[in-house]
2 protein chains.
Amino acid sequence: MASIKDIAKKAGVSISTVSYALNGSDKVTKETAAKILKIAEELHYVPHAAARLLKKQQSNLIGIFLTDFSGNFYGDLLQGVKEYLSGKGYDLLVCSGEKSRRLIPERMIDGAIVLDVTFSDKELLQYAEKGHKTVVLDRELLHPNVSQVLLDNKAGATLAMEYLLELGHDKIYAVTGPSGSYDANQRLRAVRQAAERAPHAQVIELQGDFGRASGEAAARVIADEYERPAAVFCLNDEMAVGAYRCFTSYTDLKIGEHIHLIGFDNIELAQFAIPRLATIDYSMRKWGAIASEQLLKMIAAQPVEAERIYVSLIKGESVGPSPSVK
Amino acid sequence: MASIKDIAKKAGVSISTVSYALNGSDKVTKETAAKILKIAEELHYVPHAAARLLKKQQSNLIGIFLTDFSGNFYGDLLQGVKEYLSGKGYDLLVCSGEKSRRLIPERMIDGAIVLDVTFSDKELLQYAEKGHKTVVLDRELLHPNVSQVLLDNKAGATLAMEYLLELGHDKIYAVTGPSGSYDANQRLRAVRQAAERAPHAQVIELQGDFGRASGEAAARVIADEYERPAAVFCLNDEMAVGAYRCFTSYTDLKIGEHIHLIGFDNIELAQFAIPRLATIDYSMRKWGAIASEQLLKMIAAQPVEAERIYVSLIKGESVGPSPSVK
DNA sequence: AGATGATATCGAAACGTTTCGATTCAGTTT
DNA sequence: AAACTGAATCGAAACGTTTCGATATCATCT
């Protein structure tokens with residue numbers, strides 16, 4: 001493979017001159033630069049990333065760390081990140097699994113975006129302490145080298161609850177998420193606050209884990225004790241999808257009539273469900289873009305402040321008015 | 001950041017001794033090694049990836065190149081790759097977009113898995129020529145540094161066609177894929193061959209592009225000229241999903257009764273559709289695992305031979321018998 | 001006792017860049 | 001003509017490793 005050294009030899013100049021020419025420095029004459037560039041082209045020269053990284057201590061690579069690749073969840077988020085970064089000369093590496101974290105201390109990436117509950121706060125702080133820049137998407141973490149872009153979970157859950165209450169529902173099941181999840185906890189808190197503000201309504205919590213199966217299981221419990229129309233707020237869409245499956249296959253309760261269902265996240269599957277699932281929407285793409293923006297700012301040692309991603313209610317036929325107020 | 005040099009100084013030994021100790025060489029005594037390891041631990045030493053890569057010319061990083069991150073399509077594939085690789089000490093980088101290809105010539109990754117039609121054969125061959133090892137998933141390419149793991153598209157499309165024909169369908173629409181796609185072309189060829197073998201049946205081709213919208217558009221054409229029950233073979237599920245949308249919202253044709261629908265890929269959305277979409281299934285996970293296996297073999301300069309991923313028919317209520325044979 | 005060999009350690013080169021400071025060589029000023 | 005300036009180029013060090021060959025040390029064999 002051709003290296004800068006080969007170019008230097010062929011051009012009859014020193015290595016440093018080649019380097020300057022290749023980097024567009026104005027220290028070299030136009031003619032020399034042109035000659036060098038031409039030879040580089042001929043030799044199909046491509047700089048060796050490792051050598052450059054070793055010297056410059058920056059790779060122009062950003063890592064995003066996810067719990068797993070499965071599910072449709074991350075597509076738009078990644079797209080948002082990628083779009084933003086590629087405009088700035090950075091490339092994105094999608095990483096998953098404990099082992100890939102080595103990329104951080106090994107200084108392979110210039111910064112990390114983290115959406116992975118299996119990453120402990122402690123570990124993140126440790127990296128931050130060593131100077132690695134990080135944007136977290138699933139927790140709050142106070143450190144000069146860490147910034148956060150969080151969903152407005154509270155607003156979303158409140159929106160969902162108020163929607164149900166306004167339609168006259170007074171028996172509401174809340175299918176919760178894993179207790180280790182920041183988003184799940186935030187949403188649950190908002191549900192409880194809404195419940196307190198509506199003492200006439202009965203709010204029943206059922207434990208879920210954000211997985212589809214847990215939504216299905218919760219739905220089964222609800223179906224088994226069914227007496228009268230009720231509403232179900234699944235704290236994410238994935239569980240709502242599970243609930244759909246149960247209600248349509250296991251019972252003959254009609255969604256949007258006998259049982260009312262609302263989710264959170266507006267995943268693709270939800271958009272496709274029949275009847276349309278009511279849910280809380282937000283822009284994943286924007287989430288990714290803002291996270292990237294913050295990360296690059298931190299890398300450039302510019303000040304950043306935590307941001308929040310706003311959410312909105314999407315109505316759907318999966319929620320109808322309570323028959324009691326008809 | 002602590003380097004090997006700092007350890008050497010603190011331990012009072014030479015740099016090379018530290019390197020040997022850290023790499024578990026038996027050239028150093030147990031005691032020296034223990035002392036060095038202890039100091040490395042204290043100093044939170046982590047090797048600098050760039051330095052090591054520069055010297056060893058290998059990163060233990062594999063890149064997988066995808067057209068985009070969107071859609072649910074790749075989840076299991078990535079999972080399969082990751083699982084296989086992480087057992088072998090390799091990490092996976094998921095790359096998308098033209099710019100990220102620089103990682104190959106810059107020697108940042110030890111090998112590449114490619115499932116990205118925007119990659120030209122020419123470009124791939126160029127890399128191969130320079131010694132970069134590649135496994136391609138979406139084309140056939142003859143080069144000692146390239147290996148391929150392909151779907152058995154022909155078998156799948158044949159399976160689907162025969163299923164429809166057996167059920168008595170004699171008017172079959174085939175919604176095709178983009179002409180640049182290897183998979184689309186293979187499937188289409190098999191459709192045409194099946195059509196030739198069944199001269200009594202009428203097979204009508206409609207151009208699609210594997211995108212959901214094109215499936216929806218094709219369905220609209222079909223609906224507009226609808227006279228009698230017909231079957232539709234969408235050459236991938238994504239288009240079948242689009243067709244669902246059209247048939248259920250735009251017409252009152254009942255899927256599986258008035259109009260029969262079969263897809264290819266068995267994507268998650270298809271599994272969830274009501275009625276269940278008939279389709280062609282294969283293991284994405286296995287696809288990824290085999291591709292990784294081949295790549296590592298090539299890197300280790302072991303011989304490999306092209307493999308094929310087998311497919312199977314999944315029946316679903318979206319296809320019923322033709323009323324003409326009832 | 002001197003030669004031999006094995007073992008543990010070391011020094012230095014190499015990987016491919018970037019970049020600082022030094023050098024050369026015009027052209028300009030006095 | 002000597003001294004000075006600035007531009008173009010060069011040499012060498014540095015980034016953090018690995019690894020080859022050399023050296024030092026010590027026990028063993030004759």
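Per chain, numbering begins at 1; letters A, B, ... match sequence-line order. Being a predicted model, the structure only gives us computed values, none of them experimental.
- Environment of NE2 in B:H143: crowded, with over 12 heavy atoms of neighbouring residues, nucleotides or ligands closer than 6.0 Å.
- Within the structure, the salt bridge (Lys or Arg N to Asp or Glu O under 4.0 Å) test picks out the following pairs touching residues 85-102 of chain B (sequence neighbours left out): A:D91-B:R102, A:R102-B:D91, B:R101-B:D116, B:R101-B:E123, B:R102-B:E106.
- The closest donor-acceptor contact from the side chain of B:R107 to the backbone of B:P105 lies under 3.5 Å.
- Taking for each of A:S19 and B:T17 the nucleotide of DNA chain C with the nearest heavy atom, the 5'-most of the two is the partner of B:T17.
- Counting only heavy atoms from C-beta on, A:I15 has its side chain closest to C:dT18 among C:dT18, D:dC10, D:dT17.
- Considering only the side chain of B:Y20, C:dC10 comes nearest among D:dT18, C:dC10, C:dT9.
- Between the NZ atom of A:K27 and the P atom of C:dT23 there is a distance of 15 Å, given to the nearest Å.
- By the neighbour-count criterion of 12 heavy atoms within 6.0 Å, atom CD of A:E305 is sparsely surrounded, having that number or fewer from other residues, nucleotides or ligands.
- The phosphate of D:dC15 has OP1 or OP2 within less than 4.0 Å of a side-chain N or O from B:K5.
- Rounding to whole angstrom units, CD of residue A:E31 and P of D:dA7 are separated by 15 Å.
- Closest to the side chain of A:V28, out of D:dG16, C:dA8, D:dT9, is D:dT9.
- For the pair A:K9 NZ and D:dC10 P, the interatomic distance rounds to 15 Å; values are reported in whole Å.
- For the pair A:N23 CG and C:dT17 P, the interatomic distance rounds to 10 Å; values are reported in whole Å.
- Atom CD1 in A:I7 sits roughly 16 Å away from atom P in D:dT9 (whole-Å rounding).
- Nucleic acid contact for B:V18: none, since no nucleic acid atom lies under 4.0 Å from a heavy atom of the residue.
- Aromatic pair A:Y282/A:Y310: centroids not less than 6.0 angstrom apart.
- Atom C1' of nucleotide D:dA7 and atom NZ of A:K30 are separated by 13 Å, given to the nearest angstrom.
- At the phosphate of C:dT9, OP1 or OP2 sits under 4.0 Å from a side-chain N or O atom of B:T29.
- At distances below 3.5 Å, at least one donor-acceptor pair connects side-chain atoms of A:S59 with backbone N or O atoms of A:M108.
- At least one donor-acceptor pair closer than 3.5 Å links the side chain of A:D209 to the backbone N or O of A:G211.
- Checking the phosphate oxygens (OP1, OP2) of C:dG11, no side-chain nitrogen or oxygen of B:S16 falls inside 4.0 Å.
- In this structure, CD1 of B:I4 is placed 11 Å from P of D:dT19, rounded to the nearest angstrom.
- Close to D:dG16, at under 4.0 Å from its OP1 or OP2, lies no side-chain N or O of B:S3.
- For the contact set between residues 51-60 of chain B and DNA chain C, defined by any heavy atom under 4.0 Å, the members are B:L54, B:K55, B:Q57.
- For D:dT17, one of the phosphate oxygens OP1 or OP2 lies less than 4.0 angstrom from a side-chain nitrogen or oxygen of B:Y45.
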